[in-house]
Amino acid sequence: MSDKNLSKRSQQVVWHPCSQMKQHENLPLISIVRGHGVWLYDADGNRYLDAISSWWVNLFGHCHPYINHALNDQLGKLEHVMLAGLTHEPVVLLSERLSKLTPGDLGHCFYASDGASATEIALKMSFHYWQQCGLTSKTDFISLQNGYHGETLGALSVTDVALFKQTYAPLLRHSQHMPSPDWRYAPQGESAENYALGAAHELENYLAEHHAHTAALILEPLVQGATGMAMYHPVYLQRAREICNQYQVLLIADEIAVGFGRTGTMFACEQASITPDFLCLSKGLSGGYLPLSVVLTTPTVFQAFYHDKTSQAFLHSHSHSGNALACRAALATLDLFEQNNAIETNRSKTNYLNQLSHPLQSHPKVKNFRNCGMIWAFEVITDDTAFTNTFFKKALEKKLLLRPLGNTVYFMPPYIINEEEMDWLVKSVVHILDTF
Ligand SMILES: *Cc1c(COP(=O)(O)O)cnc(C)c1O
(Lines give C-alpha, C1' and ligand atoms only; values in the text may rest on other atoms or scores of the structure.)
Protein backbone atom coordinates (compact mmCIF):
# COMPACT_ATOMS: atom_id res chain seq x y z
CA MET A 1 0.00 0.00 0.00
CA SER A 2 1.42 3.34 -1.13
CA ASP A 3 5.08 4.23 -0.69
CA LYS A 4 6.39 1.77 1.96
CA ASN A 5 9.76 3.42 2.10
CA LEU A 6 8.35 6.85 2.86
CA SER A 7 6.10 5.36 5.52
CA LYS A 8 9.16 3.82 7.25
CA ARG A 9 11.14 7.05 7.03
CA SER A 10 8.18 8.94 8.47
CA GLN A 11 8.07 6.55 11.44
CA GLN A 12 11.75 7.26 12.08
CA VAL A 13 11.56 11.03 12.14
CA VAL A 14 7.96 12.25 12.32
CA TRP A 15 6.18 11.87 15.63
CA HIS A 16 2.58 11.69 14.39
CA PRO A 17 -0.23 13.39 16.33
CA CYS A 18 -2.82 11.53 18.39
CA SER A 19 -1.12 8.22 17.52
CA GLN A 20 0.55 5.35 19.32
CA MET A 21 3.62 5.15 17.08
CA LYS A 22 4.15 1.47 17.90
CA GLN A 23 0.88 0.61 16.15
CA HIS A 24 2.44 1.74 12.90
CA GLU A 25 4.70 -1.31 12.97
CA ASN A 26 1.67 -3.12 11.54
CA LEU A 27 -0.22 -0.25 10.02
CA PRO A 28 1.88 1.57 7.43
CA LEU A 29 1.35 5.30 7.14
CA ILE A 30 -0.16 6.18 3.82
CA SER A 31 1.86 8.74 1.95
CA ILE A 32 -0.42 11.12 0.15
CA VAL A 33 1.11 12.73 -2.90
CA ARG A 34 -1.76 14.85 -4.14
CA GLY A 35 -5.35 15.86 -3.54
CA HIS A 36 -8.16 16.73 -5.89
CA GLY A 37 -11.72 17.52 -4.79
CA VAL A 38 -12.87 14.98 -2.20
CA TRP A 39 -10.08 12.59 -3.23
CA LEU A 40 -6.60 11.98 -1.82
CA TYR A 41 -4.09 10.06 -3.98
CA ASP A 42 -1.24 7.89 -2.70
CA ALA A 43 2.05 7.16 -4.41
CA ASP A 44 0.63 4.08 -6.15
CA GLY A 45 -2.26 6.04 -7.65
CA ASN A 46 -4.89 4.69 -5.25
CA ARG A 47 -7.47 7.28 -4.35
CA TYR A 48 -9.27 7.64 -1.02
CA LEU A 49 -12.46 9.56 -0.40
CA ASP A 50 -11.74 12.07 2.35
CA ALA A 51 -15.02 11.60 4.21
CA ILE A 52 -13.83 13.53 7.28
CA SER A 53 -12.40 16.56 5.47
CA SER A 54 -8.92 15.85 6.88
CA TRP A 55 -9.87 16.41 10.52
CA TRP A 56 -12.79 18.66 9.58
CA VAL A 57 -10.79 21.47 8.01
CA ASN A 58 -11.22 21.02 4.28
CA LEU A 59 -14.52 22.62 3.24
CA PHE A 60 -14.39 22.81 -0.56
CA GLY A 61 -12.12 19.92 -1.46
CA HIS A 62 -8.38 19.59 -1.92
CA CYS A 63 -6.42 21.80 -4.29
CA HIS A 64 -9.38 23.95 -5.17
CA PRO A 65 -8.49 25.98 -8.29
CA TYR A 66 -10.10 29.18 -6.96
CA ILE A 67 -8.24 29.11 -3.62
CA ASN A 68 -5.03 28.09 -5.39
CA HIS A 69 -5.37 31.06 -7.71
CA ALA A 70 -5.94 33.47 -4.81
CA LEU A 71 -2.90 32.10 -2.98
CA ASN A 72 -0.70 32.36 -6.07
CA ASP A 73 -1.77 35.96 -6.46
CA GLN A 74 -1.06 36.68 -2.79
CA LEU A 75 2.37 35.00 -3.02
CA GLY A 76 3.37 37.55 -5.60
CA LYS A 77 2.45 40.41 -3.25
CA LEU A 78 3.03 39.62 0.41
CA GLU A 79 3.47 36.29 2.18
CA HIS A 80 3.56 37.53 5.77
CA VAL A 81 4.16 40.55 7.92
CA MET A 82 4.00 40.95 11.70
CA LEU A 83 0.67 42.31 12.90
CA ALA A 84 1.91 44.65 15.66
CA GLY A 85 2.25 48.20 14.36
CA LEU A 86 1.51 47.02 10.81
CA THR A 87 -1.51 45.81 8.91
CA HIS A 88 -2.41 44.51 5.45
CA GLU A 89 -5.42 44.27 3.18
CA PRO A 90 -6.26 40.55 3.54
CA VAL A 91 -6.53 40.79 7.35
CA VAL A 92 -8.67 43.92 7.19
CA LEU A 93 -10.97 42.52 4.50
CA LEU A 94 -11.32 39.23 6.35
CA SER A 95 -12.13 40.95 9.64
CA GLU A 96 -14.74 43.15 7.94
CA ARG A 97 -16.37 40.14 6.33
CA LEU A 98 -16.35 38.06 9.52
CA SER A 99 -17.82 40.98 11.41
CA LYS A 100 -20.71 41.16 8.92
CA LEU A 101 -21.25 37.39 8.77
CA THR A 102 -21.21 36.61 12.49
CA PRO A 103 -24.18 37.23 14.79
CA GLY A 104 -24.92 40.47 16.65
CA ASP A 105 -22.21 42.99 17.40
CA LEU A 106 -19.24 40.59 17.25
CA GLY A 107 -16.69 42.56 15.27
CA HIS A 108 -13.28 42.81 16.93
CA CYS A 109 -11.04 40.07 15.55
CA PHE A 110 -8.00 38.72 17.41
CA TYR A 111 -5.92 36.28 15.34
CA ALA A 112 -3.80 33.19 16.07
CA SER A 113 -2.79 30.12 14.13
CA ASP A 114 -4.67 27.16 15.57
CA GLY A 115 -7.80 26.26 17.46
CA ALA A 116 -6.22 25.66 20.86
CA SER A 117 -4.65 29.12 20.72
CA ALA A 118 -8.07 30.63 20.01
CA THR A 119 -9.37 28.90 23.14
CA GLU A 120 -6.43 30.29 25.14
CA ILE A 121 -7.18 33.79 23.86
CA ALA A 122 -10.88 33.58 24.74
CA LEU A 123 -10.07 32.26 28.24
CA LYS A 124 -7.43 34.92 28.93
CA MET A 125 -9.54 37.74 27.51
CA SER A 126 -12.67 36.77 29.46
CA PHE A 127 -10.73 36.52 32.73
CA HIS A 128 -8.92 39.78 32.00
CA TYR A 129 -12.18 41.55 31.13
CA TRP A 130 -13.49 41.03 34.67
CA GLN A 131 -10.16 42.19 36.11
CA GLN A 132 -10.51 45.39 34.07
CA CYS A 133 -14.06 45.81 35.41
CA GLY A 134 -12.90 45.46 39.02
CA LEU A 135 -14.61 42.07 39.52
CA THR A 136 -11.33 40.42 40.44
CA SER A 137 -12.84 37.36 42.09
CA LYS A 138 -14.18 36.11 38.74
CA THR A 139 -11.34 33.73 37.95
CA ASP A 140 -12.95 30.38 37.20
CA PHE A 141 -14.13 28.74 33.99
CA ILE A 142 -16.93 26.30 33.49
CA SER A 143 -17.38 24.00 30.53
CA LEU A 144 -19.52 21.06 29.48
CA GLN A 145 -19.11 17.39 30.22
CA ASN A 146 -17.58 15.74 27.12
CA GLY A 147 -16.49 19.12 25.77
CA TYR A 148 -13.33 19.55 23.70
CA HIS A 149 -11.47 22.83 23.25
CA GLY A 150 -7.93 21.85 22.30
CA GLU A 151 -4.92 20.36 24.04
CA THR A 152 -2.62 23.13 25.21
CA LEU A 153 -2.64 23.35 29.00
CA GLY A 154 -5.28 26.08 29.30
CA ALA A 155 -7.51 24.53 26.65
CA LEU A 156 -7.04 21.07 28.15
CA SER A 157 -8.26 22.43 31.50
CA VAL A 158 -11.69 23.11 30.01
CA THR A 159 -11.66 19.93 27.91
CA ASP A 160 -13.34 16.80 29.28
CA VAL A 161 -11.67 13.83 27.61
CA ALA A 162 -10.10 11.55 30.20
CA LEU A 163 -7.72 9.90 27.73
CA PHE A 164 -6.16 13.24 26.76
CA LYS A 165 -6.33 14.81 30.17
CA GLN A 166 -5.66 12.39 33.03
CA THR A 167 -1.89 12.17 32.56
CA TYR A 168 -1.55 15.93 32.71
CA ALA A 169 -3.97 16.52 35.59
CA PRO A 170 -1.27 17.87 37.94
CA LEU A 171 -0.47 20.59 35.40
CA LEU A 172 -4.03 21.72 34.84
CA ARG A 173 -6.25 24.34 36.37
CA HIS A 174 -9.49 23.04 37.80
CA SER A 175 -12.58 23.69 35.71
CA GLN A 176 -16.11 22.67 36.61
CA HIS A 177 -17.90 20.55 34.00
CA MET A 178 -21.65 21.12 33.66
CA PRO A 179 -23.94 18.25 32.57
CA SER A 180 -23.99 17.84 28.80
CA PRO A 181 -27.31 18.39 26.99
CA ASP A 182 -26.36 15.49 24.63
CA TRP A 183 -29.72 13.80 23.84
CA ARG A 184 -28.21 10.32 23.91
CA TYR A 185 -28.30 10.63 27.71
CA ALA A 186 -32.04 11.36 27.74
CA PRO A 187 -34.14 8.67 29.41
CA GLN A 188 -36.40 6.86 26.95
CA GLY A 189 -39.46 8.93 26.09
CA GLU A 190 -37.90 12.28 27.04
CA SER A 191 -37.49 14.74 24.18
CA ALA A 192 -34.11 16.22 23.22
CA GLU A 193 -35.54 19.63 24.04
CA ASN A 194 -36.65 18.67 27.52
CA TYR A 195 -33.38 17.00 28.22
CA ALA A 196 -31.50 20.15 27.15
CA LEU A 197 -33.73 22.25 29.42
CA GLY A 198 -32.89 19.96 32.32
CA ALA A 199 -29.17 20.38 31.67
CA ALA A 200 -29.66 24.16 31.48
CA HIS A 201 -31.44 24.04 34.80
CA GLU A 202 -28.38 22.46 36.39
CA LEU A 203 -26.20 25.17 34.88
CA GLU A 204 -28.48 27.75 36.46
CA ASN A 205 -28.31 26.05 39.87
CA TYR A 206 -24.54 26.01 39.69
CA LEU A 207 -24.22 29.65 38.72
CA ALA A 208 -26.76 30.81 41.29
CA GLU A 209 -24.25 29.62 43.84
CA HIS A 210 -20.90 30.19 42.11
CA HIS A 211 -21.32 33.17 39.77
CA ALA A 212 -19.16 35.47 41.89
CA HIS A 213 -16.12 33.31 41.05
CA THR A 214 -17.03 32.40 37.50
CA ALA A 215 -15.53 34.32 34.58
CA ALA A 216 -16.89 32.40 31.61
CA LEU A 217 -18.72 29.38 30.26
CA ILE A 218 -17.13 27.75 27.23
CA LEU A 219 -19.06 25.33 25.03
CA GLU A 220 -19.28 23.84 21.54
CA PRO A 221 -22.61 24.99 20.09
CA LEU A 222 -24.98 22.19 18.90
CA VAL A 223 -22.37 19.47 18.30
CA GLN A 224 -19.65 18.32 20.68
CA GLY A 225 -17.21 17.09 18.08
CA ALA A 226 -14.09 15.39 19.38
CA THR A 227 -15.83 13.30 22.03
CA GLY A 228 -18.05 11.64 19.45
CA MET A 229 -20.31 14.09 17.60
CA ALA A 230 -22.75 14.50 20.48
CA MET A 231 -25.70 16.59 19.29
CA TYR A 232 -28.09 18.66 21.37
CA HIS A 233 -31.13 20.90 21.10
CA PRO A 234 -30.54 24.64 20.45
CA VAL A 235 -32.77 25.57 23.39
CA TYR A 236 -29.76 24.82 25.59
CA LEU A 237 -27.86 27.67 23.96
CA GLN A 238 -30.78 30.06 24.42
CA ARG A 239 -31.02 29.22 28.10
CA ALA A 240 -27.23 29.32 28.56
CA ARG A 241 -27.19 32.83 27.05
CA GLU A 242 -29.97 34.01 29.39
CA ILE A 243 -28.38 32.42 32.44
CA CYS A 244 -24.96 33.90 31.63
CA ASN A 245 -26.53 37.35 31.27
CA GLN A 246 -28.39 36.95 34.53
CA TYR A 247 -25.26 35.97 36.47
CA GLN A 248 -22.66 38.16 34.73
CA VAL A 249 -20.78 35.27 33.18
CA LEU A 250 -19.23 35.61 29.71
CA LEU A 251 -20.20 33.07 27.05
CA ILE A 252 -17.49 31.61 24.81
CA ALA A 253 -18.82 29.79 21.74
CA ASP A 254 -16.16 27.45 20.41
CA GLU A 255 -17.23 27.07 16.77
CA ILE A 256 -13.80 25.85 15.69
CA ALA A 257 -15.37 22.65 14.38
CA VAL A 258 -18.99 23.67 13.76
CA GLY A 259 -18.48 27.13 12.24
CA PHE A 260 -18.66 27.78 8.50
CA GLY A 261 -21.76 25.84 7.62
CA ARG A 262 -21.11 22.47 9.28
CA THR A 263 -24.38 22.44 11.24
CA GLY A 264 -26.51 23.74 8.36
CA THR A 265 -26.22 27.45 9.14
CA MET A 266 -23.11 29.58 8.68
CA PHE A 267 -22.61 29.56 12.47
CA ALA A 268 -24.28 27.13 14.88
CA CYS A 269 -25.25 29.98 17.28
CA GLU A 270 -27.64 31.27 14.60
CA GLN A 271 -29.92 28.28 15.25
CA ALA A 272 -30.49 29.55 18.77
CA SER A 273 -30.53 33.23 17.72
CA ILE A 274 -27.84 34.07 20.26
CA THR A 275 -24.69 36.18 20.21
CA PRO A 276 -21.86 34.87 22.38
CA ASP A 277 -19.35 37.26 23.97
CA PHE A 278 -16.54 35.39 22.22
CA LEU A 279 -16.68 33.33 19.05
CA CYS A 280 -13.68 31.05 18.35
CA LEU A 281 -13.12 30.03 14.73
CA SER A 282 -10.43 27.97 13.01
CA LYS A 283 -10.39 24.62 11.11
CA GLY A 284 -12.55 25.51 8.05
CA LEU A 285 -11.70 29.22 8.28
CA SER A 286 -8.95 29.00 5.67
CA GLY A 287 -10.72 26.24 3.73
CA GLY A 288 -8.28 23.86 5.40
CA TYR A 289 -5.32 25.33 3.53
CA LEU A 290 -3.27 27.08 6.19
CA PRO A 291 -3.25 27.32 9.97
CA LEU A 292 -5.40 30.26 11.02
CA SER A 293 -7.71 31.00 13.92
CA VAL A 294 -9.58 34.01 15.19
CA VAL A 295 -11.53 35.07 18.25
CA LEU A 296 -14.28 37.61 17.62
CA THR A 297 -15.57 39.68 20.48
CA THR A 298 -17.94 42.57 21.18
CA PRO A 299 -17.41 46.35 21.54
CA THR A 300 -18.13 45.96 25.27
CA VAL A 301 -15.13 43.67 25.75
CA PHE A 302 -12.94 45.66 23.36
CA GLN A 303 -13.69 48.94 25.18
CA ALA A 304 -12.67 47.47 28.54
CA PHE A 305 -9.11 47.19 27.20
CA TYR A 306 -9.08 50.55 25.35
CA HIS A 307 -6.96 52.72 27.60
CA ASP A 308 -4.06 55.18 27.81
CA LYS A 309 -1.90 52.62 29.63
CA THR A 310 -0.13 49.79 27.76
CA SER A 311 -0.51 47.61 30.83
CA GLN A 312 -4.30 47.69 30.38
CA ALA A 313 -4.04 46.22 26.89
CA PHE A 314 -4.49 42.58 25.93
CA LEU A 315 -0.79 41.72 25.72
CA HIS A 316 -0.95 38.43 23.89
CA SER A 317 0.66 37.56 20.57
CA HIS A 318 1.59 34.81 18.14
CA SER A 319 4.34 35.21 15.55
CA HIS A 320 2.03 34.34 12.68
CA SER A 321 -1.04 36.29 13.89
CA GLY A 322 -3.14 37.24 10.88
CA ASN A 323 -0.74 35.72 8.34
CA ALA A 324 -1.43 37.28 4.95
CA LEU A 325 -1.50 34.03 2.95
CA ALA A 326 -3.81 32.34 5.45
CA CYS A 327 -6.15 35.36 5.47
CA ARG A 328 -6.21 35.35 1.67
CA ALA A 329 -7.13 31.65 1.67
CA ALA A 330 -9.93 32.50 4.13
CA LEU A 331 -11.21 35.28 1.85
CA ALA A 332 -11.24 32.90 -1.12
CA THR A 333 -13.11 30.35 1.02
CA LEU A 334 -15.76 32.93 1.89
CA ASP A 335 -16.06 33.75 -1.83
CA LEU A 336 -16.76 30.07 -2.48
CA PHE A 337 -19.63 30.12 0.03
CA GLU A 338 -21.21 32.91 -2.03
CA GLN A 339 -20.39 31.56 -5.49
CA ASN A 340 -21.74 28.10 -4.69
CA ASN A 341 -24.60 29.28 -2.51
CA ALA A 342 -23.05 26.66 -0.24
CA ILE A 343 -25.43 26.80 2.73
CA GLU A 344 -28.47 26.23 0.46
CA THR A 345 -26.73 23.63 -1.68
CA ASN A 346 -25.62 21.74 1.42
CA ARG A 347 -29.23 21.51 2.55
CA SER A 348 -30.16 19.38 -0.45
CA LYS A 349 -27.01 17.28 -0.01
CA THR A 350 -27.99 16.69 3.62
CA ASN A 351 -31.46 15.54 2.52
CA TYR A 352 -29.98 13.33 -0.15
CA LEU A 353 -27.56 11.58 2.20
CA ASN A 354 -30.26 11.18 4.84
CA GLN A 355 -32.50 9.44 2.32
CA LEU A 356 -29.66 7.19 1.26
CA SER A 357 -28.78 6.25 4.77
CA HIS A 358 -31.77 4.02 5.58
CA PRO A 359 -29.64 0.84 5.28
CA LEU A 360 -27.31 2.42 7.84
CA GLN A 361 -30.04 3.56 10.20
CA SER A 362 -31.62 0.11 10.21
CA HIS A 363 -28.34 -1.81 10.31
CA PRO A 364 -28.26 -4.21 13.29
CA LYS A 365 -24.82 -2.95 14.33
CA VAL A 366 -25.82 0.73 14.29
CA LYS A 367 -27.10 2.75 17.24
CA ASN A 368 -28.05 6.43 17.63
CA PHE A 369 -27.86 7.40 13.97
CA ARG A 370 -27.91 11.20 13.93
CA ASN A 371 -27.38 14.14 11.62
CA CYS A 372 -26.88 17.87 11.97
CA GLY A 373 -26.20 19.78 8.75
CA MET A 374 -23.14 18.24 7.10
CA ILE A 375 -22.30 15.98 10.08
CA TRP A 376 -23.52 12.38 10.38
CA ALA A 377 -22.66 10.01 13.22
CA PHE A 378 -23.63 6.69 14.77
CA GLU A 379 -22.29 4.23 17.29
CA VAL A 380 -21.29 0.73 16.23
CA ILE A 381 -22.24 -2.16 18.48
CA THR A 382 -19.22 -4.45 18.62
CA ASP A 383 -17.02 -6.48 20.98
CA ASP A 384 -13.88 -5.46 19.09
CA THR A 385 -11.79 -3.61 21.69
CA ALA A 386 -9.61 -2.15 18.96
CA PHE A 387 -12.63 -1.04 16.93
CA THR A 388 -11.22 2.38 16.00
CA ASN A 389 -8.13 0.91 14.36
CA THR A 390 -9.95 -2.06 12.84
CA PHE A 391 -12.54 0.17 11.21
CA PHE A 392 -9.93 2.70 10.05
CA LYS A 393 -7.98 -0.13 8.38
CA LYS A 394 -11.06 -1.68 6.77
CA ALA A 395 -12.17 1.70 5.49
CA LEU A 396 -8.75 2.32 3.92
CA GLU A 397 -8.99 -1.05 2.18
CA LYS A 398 -12.26 0.21 0.69
CA LYS A 399 -10.47 3.45 -0.26
CA LEU A 400 -12.26 5.54 2.32
CA LEU A 401 -10.71 7.90 4.86
CA LEU A 402 -12.81 7.51 8.01
CA ARG A 403 -11.33 7.66 11.49
CA PRO A 404 -13.86 6.74 14.17
CA LEU A 405 -13.87 8.36 17.61
CA GLY A 406 -14.04 5.32 19.87
CA ASN A 407 -17.10 3.39 18.65
CA THR A 408 -18.52 6.43 16.89
CA VAL A 409 -18.26 6.48 13.12
CA TYR A 410 -18.92 9.87 11.57
CA PHE A 411 -19.00 11.54 8.17
CA MET A 412 -17.94 15.14 7.75
CA PRO A 413 -17.30 15.33 4.01
CA PRO A 414 -16.13 18.35 2.04
CA TYR A 415 -19.14 20.38 0.82
CA ILE A 416 -18.35 19.60 -2.81
CA ILE A 417 -19.15 15.90 -2.40
CA ASN A 418 -21.59 14.82 -5.18
CA GLU A 419 -24.45 12.32 -5.23
CA GLU A 420 -22.42 9.54 -6.78
CA GLU A 421 -19.73 9.92 -4.12
CA MET A 422 -22.35 9.95 -1.36
CA ASP A 423 -23.93 6.76 -2.76
CA TRP A 424 -20.56 5.08 -2.81
CA LEU A 425 -19.69 6.28 0.71
CA VAL A 426 -22.86 4.89 2.28
CA LYS A 427 -22.71 1.59 0.35
CA SER A 428 -19.08 1.04 1.31
CA VAL A 429 -19.77 1.73 4.98
CA VAL A 430 -22.68 -0.72 5.00
CA HIS A 431 -20.32 -3.33 3.54
CA ILE A 432 -17.73 -2.64 6.21
CA LEU A 433 -20.36 -2.89 8.97
CA ASP A 434 -21.47 -6.26 7.61
CA THR A 435 -18.01 -7.60 8.49
CA PHE A 436 -18.31 -6.80 12.20
C1 LIG B 1 -10.17 21.00 16.80
C2 LIG B 1 -10.81 21.77 17.88
C3 LIG B 1 -10.06 22.62 18.72
C4 LIG B 1 -8.57 22.71 18.65
O5 LIG B 1 -8.10 23.17 17.43
P6 LIG B 1 -6.57 22.84 17.02
O7 LIG B 1 -6.34 23.62 15.78
O8 LIG B 1 -6.51 21.36 16.80
O9 LIG B 1 -5.70 23.28 18.15
C10 LIG B 1 -10.74 23.33 19.66
N11 LIG B 1 -12.08 23.26 19.78
C12 LIG B 1 -12.82 22.46 19.01
C13 LIG B 1 -14.30 22.44 19.17
C14 LIG B 1 -12.21 21.67 18.03
O15 LIG B 1 -12.95 20.84 17.30
Side-chain angles (χ1 to χ4, degrees), residues 15-19 52-59 110-126 141-161 163-165 168 172 175 177 180-182 216-232 236-237 240 251-263 267-269 276 278-296 316 318-321 323 326 329-330 333 372-375 377 403-406 408 410-412:
W15 197 336
H16 290 262
C18 204
S19 305
I52 55 171
S53 299
S54 287
W55 264 349
W56 329 343
V57 300
N58 184 287
L59 297 189
F110 198 100
Y111 288 89
S113 314
D114 54 60
S117 301
T119 299
E120 300 289 341
I121 288 163
L123 295 177
K124 283 176 74 177
M125 239 185 218
S126 59
F141 301 112
I142 57 176
S143 49
L144 299 192
Q145 174 195 4
N146 299 331
Y148 179 91
H149 303 287
E151 293 168 55
T152 51
L153 293 176
L156 197 55
S157 296
V158 290
T159 285
D160 180 31
V161 183
L163 184 64
F164 298 162
K165 190 167 178 172
Y168 307 102
L172 303 179
S175 139
H177 299 307
S180 167
D182 174 2
L217 163 66
I218 183 166
L219 48 71
E220 293 159 272
L222 295 187
V223 183
Q224 295 183 293
T227 51
M229 304 298 158
M231 299 181 184
Y232 63 87
Y236 184 83
L237 297 173
L251 179 61
I252 304 169
D254 176 353
E255 295 217 19
I256 289 166
V258 296
F260 299 103
R262 262 303 155 194
T263 65
F267 300 103
C269 282
F278 300 92
L279 179 66
C280 303
L281 302 171
S282 185
K283 290 204 163 97
L285 171 61
S286 69
Y289 266 64
L290 288 159
L292 181 68
S293 65
V294 61
V295 178
L296 284 106
H316 180 103
H318 295 281
S319 308
H320 284 99
S321 277
N323 173 265
T333 302
C372 180
M374 291 296 279
I375 309 173
R403 208 178 137 97
L405 299 157
T408 306
Y410 69 93
F411 310 150
M412 239 159 121

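If you're wondering where the values come from, they're calculated on a predicted model, not measured in any experiment. Just follow the structure's listing: the first ligand is 1, and inside any ligand the first atom is 1.
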(message) Can you confirm, on distance only, whether ligand 1 has an N/O atom lying under 3.5 Å from any N/O atom belonging to Asp254?
(response)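 N/O-N/O distance below 3.5 Å exists for this pair.
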(message) Checking the N or O distance criterion of under 3.5 Å, is ligand 1 in contact with Ile256?
(response)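 Between Ile256 and ligand 1 (N or O atoms, distance only) the closest approach is not under 3.5 Å.
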(message) Quick one: does any side-chain atom of Thr119 pair with a main-chain N or O of His149 as donor and acceptor, under 3.5 Å?
(response)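 The answer is yes, because a donor-acceptor pair under 3.5 Å joins these two groups.
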[X]-[Y] side chain donor-acceptor pair, cut-off 3.5 Å:
{"X": "Thr159", "Y": "Glu151", "value": "no"}
{"X": "Ser157", "Y": "Ser175", "value": "no"}
{"X": "His318", "Y": "Ser113", "value": "no"}

(message) Tell me every residue that passes ring-ring contact (aromatic ring centres under 6.0 Å, His included) with Tyr236, counting only those two or more places apart in sequence or in another chain.
(response)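 Per chain and number, Tyr236 pairs via ring-ring contact (aromatic ring centres under 6.0 Å, His included) with Tyr232.
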(message) Applying ring-ring contact (aromatic ring centres under 6.0 Å, His included), can you list everything that pairs with Phe141, at least two apart in sequence or on another chain?
(response)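 Phe141 satisfies ring-ring contact (aromatic ring centres under 6.0 Å, His included) with no residue once adjacent residues are dropped.
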(request) Please report which non-hydrogen protein atom sits nearest to atom 4 (C) of ligand 1, along with the residue it belongs to and the distance in Å to one decimal place. (result)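 For atom 4 (C) of ligand 1, the nearest protein heavy atom comes out as Ala116 N, 3.6 Å.
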(message) Could you identify the single nearest non-hydrogen protein atom to atom 15 (O) of ligand 1 and state the distance to 0.1 Å?
(response)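 Protein heavy atom with the smallest distance to atom 15 (O) of ligand 1: Lys283 NZ, 2.6 Å.
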Heavy-atom contacts with [X] under 4.0 Å: which atoms of ligand 1 show up? List them by number with element.
{"X": "Glu220", "answer": "13 (C)"}
{"X": "Gly150", "answer": "4 (C), 10 (C)"}
{"X": "Gly115", "answer": "4 (C), 5 (O), 6 (P), 7 (O), 9 (O)"}
{"X": "Ala257", "answer": "15 (O)"}

(request) Establish whether atom 8 (O) of ligand 1 and some protein heavy atom are separated by less than 4.0 angstrom. (result)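 Given the 4.0 Å limit, the answer for atom 8 (O) of ligand 1 is no, no protein heavy atom qualifies.
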(request) Side-chain contact test, heavy atoms from C-beta onward, threshold under 4.5 Å: evaluate it for Glu255 versus Pro221 and give yes or no. (result)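 In contact.
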(request) Would you check whether Trp55 reaches within less than 4.0 Å of ligand 1, judged by its heavy atoms? (result)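 Heavy atoms of Trp55 never come under 4.0 Å of ligand 1.
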